[in-house]
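Step one of this worksheet: look at the structure below.
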Amino acid sequence: MLMQTVEDAAKIVCFWTDRRSGIRYSYLFRDVKGHLMFCFLHASDLHLGKPFGSYPEDVRHRLRQARHDSIDALARAARSGGASHILLAGDTFDAETPTRATMRQALNAMTSNADLTWVLMPGNHDHLGAAEIWNTLGRDCPSNVVLALSPEVLPLAAGAVLLPAPCTARAPGRDLTEWMDNAASGDAIRIGLAHGSIRDFRSVDEMGGEGGAVIAPDRAKRAGLDYLGFGDWHGRIEVSPNTWYSGAPEADSFKPHRPAGALLVSLAGQGATPQVSEVETGQIAWTRLMLDLLDGEDAVAHLMQSLPDLSLRSKTMMDIHATGRTGLAAHAALSQAIENAKPDFLWADSDLTQLSLTHEAVDLSQIDDRGAVRSAAEALAAAAAGGDTVAATALNRLYTYALELK
Amino acid sequence: MKIRALTLENVRKFGGRRATIDGISDGISVICEANEFGKSTFFDAVHAVIFEKYTASGKSIQSLRPHAGGSIRIELVVEVDGTQFQIEKRFLTQKSARVTDLNHGTVIARDGEAEDWIARHVGDLEQGPAGLLWVRQGVLGLQPADAKKAEIDRLTGARRDLLSSVAGEIEQVTGGRTMDRILNRCQQDLDALATTGRHAPKGEWKAAVEGAKVLTVELETLTAQCSDLSSALEERRTIEADLLIANDPAEKIARETDLNNARQAEQEAANHAQKIAAAQGEVNLATMRQTEAVRQRDTLSVAITAAETAGRAVTTAEGAHTTASTALAAKREAEGGTRLALSAAEKTTKTLRTEQTQAERIGRTQRAHEEVTRLEALRKQVQEQINIAARSVAIIENLSVTRANLAQLEAAVAEVTRLNGLAAASTVRITADYQGDARLFVDGETLNHGQPIVLRDGTQIGVPGVGTLHVHLPEAASDGDIENLLAAALAVQSDALSRCDASTLNEARERLQTRSEAENGLKLAEQMQRSLAPDGIDALEQALATARETAKGSSDIAPRLLSQIASDLDVAEAGEVDARARLSVAVEQVAEARVAMAAADAALASARDHQDKADAQAGEGASRATRLADLAANVLSAEAEVTAKQATLHELMHGAPDTITAKANLKRAEAAFDNARQRRERLLERRAELSARIDTRAEEGIEERRDEVSGRLETLNARATRYQNEVDALVRLREALDTARADAREAYFEPVQKELGPLLRILHDDAGIDWDTDSITPGALRRGGEVEAFETLSGGTQEQIAILTRLAFARLFARRGQHLPIILDDALVYSDDDRIVKMFTALNRVALDQQIIVFSCRQLAFAGLGGNRPEISVVDAA
């Protein structure tokens, strides 16, 4: 029996490892006020090995590395928060058959953070059917890594148990948390871990007229769970005070989620309301900048005000979408400003197709005062005003040429 | 400005003279004079007055100098705004220029001021209308074909200036250099992304499209591999689930238990079946014993019965035997009697036969004597015939003539006769029948009276007192051949006679006749011989000898008549035959009796044999009943045993398990056990295969690669779409610019088109002109839906369009306030009669408010032009 003790100003955590089984256990600790606490970090959806193929090679490399680095980031967050366990609620790996390097490096990172117990549960990407993952992990996992592969009560620590609902397939087709309702665990703190949707976003028609395989959003109440941690959605969401989606520790899309991170959860005991705090762990920011412009507005200034601070840009994936209306000159200026700003970012893209063009006589005069060029500009402007986007782009181009050649 | 009169003094061919054209009116004025009159001189003079400074001395002025030299003086009366002015210029010497108001008779400008006045009313000298409105002789188009570049540029500038004054600067209207630069820029960007024409992807766009295609193929491959991997994973999961079931201990125990139970059941069924078989065997054995007992009993019973029957049969057979024996004796006795009778009959016949033989012998001897006599007579006849034959033969041998020889002789004689005939026929004979003393001489010999002589070729007949007759006969009449043939025939005849041994044919015939008679006699003799002695004389001699031998014996006993003997013999023979028949019957009867006797013997023997066998089977007679009773008891006992065994068997069969079912069940259980084992082995094998495949794919990171390629493909497709949009926009821009420029050009030429259109339609229905915007000249003629380049048009059409264009230009000049006359010097030289009339119509149309002066040497052709004919006078210069 090995025992370790971690102390900080607020908490005392004891760990011990059973030599024979190799399983690590931790004792519940008492906070400085003497309250019995169990603290853990709830995270999910690391998606290690995700390829990010739509990005250039160097960007892909940075993104993949950031995801790998999230293991250490989670470990730091757990330590900072006094957590003894890190519960990964599924989709730790992106593919059913990740490369050996991906798995090995993940395990090595977890092994390197040996003071923490990592609990890995299969999600829908790395579901139980992905035998390659779980056979390899089962064979190679260190003592501080626990694999929650069965829907049965799993002791986490003395006085705390985990009720995992590992995904059996890519689309299980049923609520895998149902078993929790009747799972007995005595007086221990009951922590549920699941992966899937509590709301099916597909229409009834898309689902063939039937309801989707969703998890009951009140499972925590039904099963008497003190906390139910979900994975699957990459944004952090509070379903209820004791039911949360942790979100992904590293962002991977421009969806308007909260900053990437995890949840530090403390439970005083069975039946107690969990204390949940959000910790940010993301290395790379994914920002979709929506510029809604008004005709006559200084689009460039609006852009500049909206862009992140220079110091952050090299770690930012930027996606600029402009909507509204603007004149030819402003459009040209905005395009140029965006092009000028792009190199600041890890990756940047823009979409000005939804930005309507307006024009005035002075705009056209800048192209030409009279003659055939002016006539052409007027014809294109008229067509653009009628919704012809090709004409609008052509007019834009004409404007650019005219200015360029003057 | 309108020209009213023109006077040349000491100009070119009018050296020392004044040539005046006066009375040039509004509308069309036609100066029709012959060649060499000086029409072009008038043209050049007007040009010099208006467009050359009086101080000029260039080629155009020098060309006006007359041969004798001197000052050139030209007067031009023009009308401006209703007032007539005279413009006078002297060139080369006494240079001067003067403008006089003819209404007031005052000089209003001299020299430089005069030039200014002219410029004000005519136009810029450099950009003057001369090239645009005045057609020099020999100029087909809007500029001389051999014009230098400077002249071309000047004229182009003049035209551009004219049109621009009405429609605006072409550069401004069409966008000019700005348009060109923007179009070039647009085209550059377009060329970088798309091909010309079809706007197919090129450059970066093509790279994006091609890259997307490559990635699409790669993605398809990776997707297929991922699908294969997923299938393998799914299959392996299924296999592992199946293996779990297959390896389930409870299931295993259940299968083994099932198998053991089945085996045990089958064994029990087999054992029970064996018991039943054993019981069945005992039943069979008991049944066999029963059957044996019954058989023995029955056998004994039958044997006893048979023995009794056999005894009775013996008795019967003995009786029959006795009867047969008695019958045989009787038949033998009867046979003996018949034999005696036969013997007697035979004796009788024998005696009679002996007697008959003797009688016959005596008869034969007598007949033999008679035969000898006959045969001797016959022999004598035969001998005679032989002698006759010998004599005939001698004759025949002596006569060698044969029919063939005779025939040859006759043929030879006939030939000789024929040839003699021919000779006689072919010879010419003459016979002299004298009347006087004169005699003929034939070959020197006298021809006697009535003496026929043969004439031959060359015979000379002397006729005394007359001369000699020379006989000339044809070849056919020559005797040479006939003589030869005749000689040959005679030779043949002689030879034939020799063979016939005759000297003449008749002799030969007689000899042949004799021979024939001898032959006939021979034949007859031989026939007689054959008839008398068919077998030959030797046979006849032999028969005779035999007859003589036979005839040697004789009998002195007088026999009874042979017939009597024969009759008696017949009777005796009949009796013998009868006795023999009776003996035969008796013998047969004896034989039958023997057969019956033998049958009775056999029957008796058989009956006794049967009796012996039956007694043997039945055993001793005294113990038969006892033994039979014992055997009956055995039968009952055996029957009881069989009944007991059958009961035991029935009992066993009643509760017997179904062995077939037990076997089937065992087979099922074994099959299920084997199937489970084999299935497990197959599952393990398949799992190993799948694991190897999955490991390989997993090691390749196939899913990551697929997702990566998918992302890259999405990016490339988005990029391709952007390029497509960019190309669309550039194409659209270019089209808009081209359209605007084309519209501008059209607007630029609209004024001149407006003036030219009605004039053009006089010549060509629904025709139009496409302008060359660089040279501001008609570039092509559109008519009948076709566009024909100007230079490809006929000379006449080019000439017509050029003139009409000048007329249109004149209208444009008028619109900007410059009313200038149109001067045509020997124009319309290539136009046909129909077109020239239409051109006259066009000229008259323009002449309604435009002065047109036409110089022409073609009086007849231009008669239809109409117009005014100014006065022309040439006088010596004072």
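Throughout, protein chains are lettered first and strands after them, A, B, ... in sequence-line order, and every chain is numbered starting at 1.
Defined by atom type and a distance below 3.5 Å, a donor-acceptor pair is missing between the side-chain atoms of S54(A) and E714(B).
The pair R64(A)-E704(B) meets the salt-bridge criterion, with a side-chain N (NZ, NE, NH1 or NH2) lying under 4.0 Å from an Asp/Glu carboxylate O. The residues R236(B) and E132(A) are annotated as salt-bridged, a charged nitrogen and a carboxylate oxygen being separated by less than 4.0 angstrom. A salt bridge links R732(B) with D388(A); the closest basic N to acidic carboxylate O contact falls under 4.0 Å.
For R170(A), no part lies under 4.5 angstrom from a heavy atom of chain B. For A130(A), the part lying near chain B is the backbone, with the side chain staying farther off; criterion is any non-hydrogen pair under 4.5 Å. If you measure heavy-atom distances from D728(B) to chain A, the contacts under 4.5 Å come from both the backbone and the side chain. Contacts between T102(A) and chain B at a heavy-atom distance below 4.5 Å involve the side chain alone, from C-beta outward. Neither the backbone nor the side chain of A379(A) has a heavy atom closer than 4.5 Å to any heavy atom of chain B. When heavy atoms are compared at a cutoff of 4.5 Å, D349(A) approaches chain B solely by way of its side chain, counted from C-beta outward.
E708(B) places no side-chain N or O within donor-acceptor distance of the main-chain N or O of P51(A), the cut-off being under 3.5 Å.
Annotation: side chain of L398(A) is in contact with side chain of L737(B) (closest heavy-atom distance under 4.5 Å).
For chain B, the option among S375(A), P56(A), A95(A), A383(A) with the highest count of heavy-atom pairs below 4.5 Å is A95(A).
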